[in-house]
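The next block holds one structure in the form of structure tokens; read it before the comments.
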Number of protein chains: 2
Amino acid sequence: MAMEADSSDLRLRRALEASGQRFTEQRAAVYRCLANTDVHPTADEVFLNVREGLPGISLATVYKSLETLVGCGLAVKLTFADESARYDGRTDPHHHARCLACGRVADIPGEIAETEIAALRRRSDGFTVTGYRLQLSGYCSTCLPEGGPAPVHA
Amino acid sequence: MAMEADSSDLRLRRALEASGQRFTEQRAAVYRCLANTDVHPTADEVFLNVREGLPGISLATVYKSLETLVGCGLAVKLTFADESARYDGRTDPHHHARCLACGRVADIPGEIAETEIAALRRRSDGFTVTGYRLQLSGYCSTCLPEGGPAPVHA
DNA sequence: ATCCTTGCAAAGCATTTGCAGTCAC
DNA sequence: GTGACTGCAAATGCTTTGCAAGGAT
């Protein structure tokens, strides 16, 4: 939604140049794929999607490109128990909510209140906190009927 | 620390019986290993540790036992990007802080304030939140000197 | 006696790697 | 022209599985 190829290509080009790496159509296609979706695809899903416009691309290249994007800060790698890694091209602060029934990952906007973070820092005796990640679990509206109650610390 | 074998064995026995499973020395050894440490070991680390007292145990059995414990609610499986799964035998509410330098995972006591969770629920349009998991990242006291600044959303 | 568990070895899967050819700069 | 990148295929490493023997209830 609402991100033309030109815009994401330019952002990618800048990020790559900043770290001495080259702009390639494979990397551009992978980044465009991430930037245009909110489904948090797996590497394989990115591969299948990108291959439609770039039939020759290999899965290994998709993996390498995703890792490059993560290195540039243009994507985040998400891991949930048992599943294969998923990638997120959004860079604004938000959390992730994973449906225990269908596995889909939804974005939840916002950050944890600064006071809360401060309290955590205070409790984290000796550990210097530089970042955090909050993963919610539960049931999406589609799956709610089937899902029963679940433990609080999923 | 401070948990005799008898105590953890009993707890395990009860949890297993409650779900119609059998108490075995392999499962007991695995659970004792988790209950007596705060290092959040990988399956392989549990295997190496348990093997000292139970030389015949196999890695596959350790994996199966860990999964059984998770199923009983006596352990939690933790996954961090790129690393193999780690297991946590603590059942009281707490968060995890992973050192970006050495990979160690420390426990941070406490929960997120209920008001904060409520705010998240409000924002999670259509999604029914049943649980959450907070992972902090940063540098432990041992590694701090080597670690530089890091992005806020690690 | 029943049928759940174990241990072994093999299989499975996601991800990574080595390398020759190709391409961006 | 040069060094980085790609595509292929093989390799890696964690985890799971099938099955016969062993063990808990």
Side-chain angles (χ1 to χ4, degrees), chain A residues 9-10 12-31 33 40-72 74-87 103, chain B residues 9-10 12-31 33 40-48 50-51 53-72 74-87 103:
Chain A
D9 283 4
L10 185 57
L12 173 60
R13 178 158 246 133
R14 279 181 187 146
L16 288 171
E17 280 172 0
S19 51
Q21 301 182 89
R22 292 175 183 173
F23 179 92
T24 66
E25 57 177 342
Q26 288 86 345
R27 286 172 176 175
V30 168
Y31 183 45
C33 171
H40 313 86
T42 62
D44 200 67
E45 287 165 352
V46 171
F47 173 58
L48 292 176
N49 177 303
V50 163
R51 196 163 53 166
E52 290 173 14
L54 212 58
I57 196 170
S58 76
L59 180 56
T61 296
V62 169
Y63 271 105
K64 289 168 186 166
S65 298
L66 287 168
E67 217 42 58
T68 300
L69 293 177
V70 171
C72 290
L74 292 180
V76 173
K77 184 176 186 173
L78 306 174
T79 56
F80 299 96
D82 298 334
E83 297 182 6
S84 43
R86 295 177 171 278
Y87 293 84
Chain B
D9 283 5
L10 185 56
L12 173 60
R13 179 158 245 133
R14 281 181 186 146
L16 289 171
E17 280 173 0
S19 52
Q21 301 183 90
R22 291 173 184 175
F23 180 92
T24 65
E25 59 177 342
Q26 288 87 346
R27 286 172 176 174
V30 168
Y31 182 45
C33 171
H40 312 87
T42 62
D44 201 67
E45 287 163 354
V46 171
F47 172 59
L48 293 175
V50 163
R51 195 163 54 167
L54 213 56
I57 196 171
S58 77
L59 179 56
T61 296
V62 170
Y63 271 105
K64 289 169 186 165
S65 298
L66 288 168
E67 215 44 56
T68 300
L69 293 176
V70 171
C72 290
L74 292 180
V76 172
K77 185 176 185 174
L78 306 174
T79 56
F80 299 97
D82 297 335
E83 297 184 6
S84 44
R86 294 178 172 278
Y87 293 85

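Here the structure is a predicted model, which means the values were calculated and not measured. Chain letters run A, B, ... following the sequence lines, proteins first and then strands; every chain starts at 1.
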message: If you compare all heavy atoms of B:A43 against all heavy atoms of B:V62, which two are closest, and at what distance to 0.1 Å?
response: O-CG1, 3.6 Å

Which atom of A:K77 lies closest to which atom of A:A85, heavy atoms considered: CE-CB, 3.7 Å

Rounding to an integer number of Å, can you tell me how far [X] [atom1] sits from [N] [atom2]?
{"X": "A:L66", "N": "D:dC5", "atom1": "CG", "atom2": "P", "result": "15 Å"}
{"X": "A:D9", "N": "C:dA24", "atom1": "CG", "atom2": "C1'", "result": "15 Å"}
{"X": "A:R51", "N": "D:dT6", "atom1": "CZ", "atom2": "P", "result": "17 Å"}
{"X": "A:F23", "N": "D:dG3", "atom1": "CZ", "atom2": "P", "result": "23 Å"}
{"X": "B:Y87", "N": "D:dC14", "atom1": "OH", "atom2": "C1'", "result": "10 Å"}
{"X": "A:E67", "N": "C:dT16", "atom1": "CD", "atom2": "P", "result": "6 Å"}
{"X": "B:R22", "N": "C:dT6", "atom1": "CZ", "atom2": "P", "result": "11 Å"}
{"X": "B:L16", "N": "D:dG23", "atom1": "CG", "atom2": "P", "result": "18 Å"}

task: Quick one: pull up CG in B:L74 and CG in B:L16 and give me the separation to the nearest 0.5 Å.
output: 7.5 Å

Give a yes/no answer on whether the side chain of [X] brings an N or O atom under 4.0 Å of OP1 or OP2 in [N].
{"X": "A:R13", "N": "C:dC25", "answer": "yes"}
{"X": "B:S58", "N": "C:dT6", "answer": "no"}
{"X": "B:T24", "N": "D:dA24", "answer": "no"}
{"X": "A:R27", "N": "D:dC5", "answer": "yes"}
{"X": "B:Q26", "N": "D:dG23", "answer": "no"}
{"X": "A:Y63", "N": "C:dT16", "answer": "no"}

- prompt: Is B:R22 salt-bridged to B:E17, cutoff N-O under 4.0 Å?
  reply: no

Protein and nucleotides 17-20 of chain C: nitrogen or oxygen contacts under 3.5 angstrom:
from   : atom 1 : to    : atom 2 : distance (Å)
C:dG18 : O6     : A:K64 : NZ     : 3.4

- prompt: Where each residue is assigned the nucleotide of DNA chain D containing its nearest heavy atom, which of A:E25 and B:E17 is assigned the position nearer the 5′ end?
  reply: A:E25

query: Considering heavy-atom distances to DNA chain D, does A:Q21 or B:R86 have its closest nucleotide positioned more toward the 5' end?
result: A:Q21

Side-chain donor or acceptor of [X] paired with backbone N/O of [Y] under 3.5 Å:
{"X": "A:E45", "Y": "A:T42", "value": "yes"}
{"X": "B:R86", "Y": "B:P41", "value": "no"}
{"X": "B:E67", "Y": "B:K64", "value": "no"}

message: Angle between the end axes of the helix from C:dA1-D:dT25 to C:dC25-D:dG1, five pairs per end, to the nearest 10 degrees?
response: 50°

task: Could you check whether B:G20 gets within reach of a base, just the sugar-phosphate, or nothing at all, counting any heavy atom under 4.0 Å?
output: nothing

message: So B:S84, base contact, sugar-phosphate only, or nothing? Heavy-atom distance under 4.0 Å.
response: sugar-phosphate

- prompt: Hey, are the side chains of B:F47 and B:V30 touching, using non-hydrogen atoms and a 4.5 Å cut-off?
  reply: no

message: Contact between A:F23 and A:L12 at the side-chain level, heavy atoms closer than 4.5 Å - yes or no?
response: yes

task: Any chance you could lay out the side-chain hydrogen bond (donor to acceptor under 3.5 Å, both in side chains) test for B:S58 and B:T61, step after step, and finish with the verdict?
output: CA-CA 5 Å; B:S58 77; B:T61 296; 3.1 Å; yes

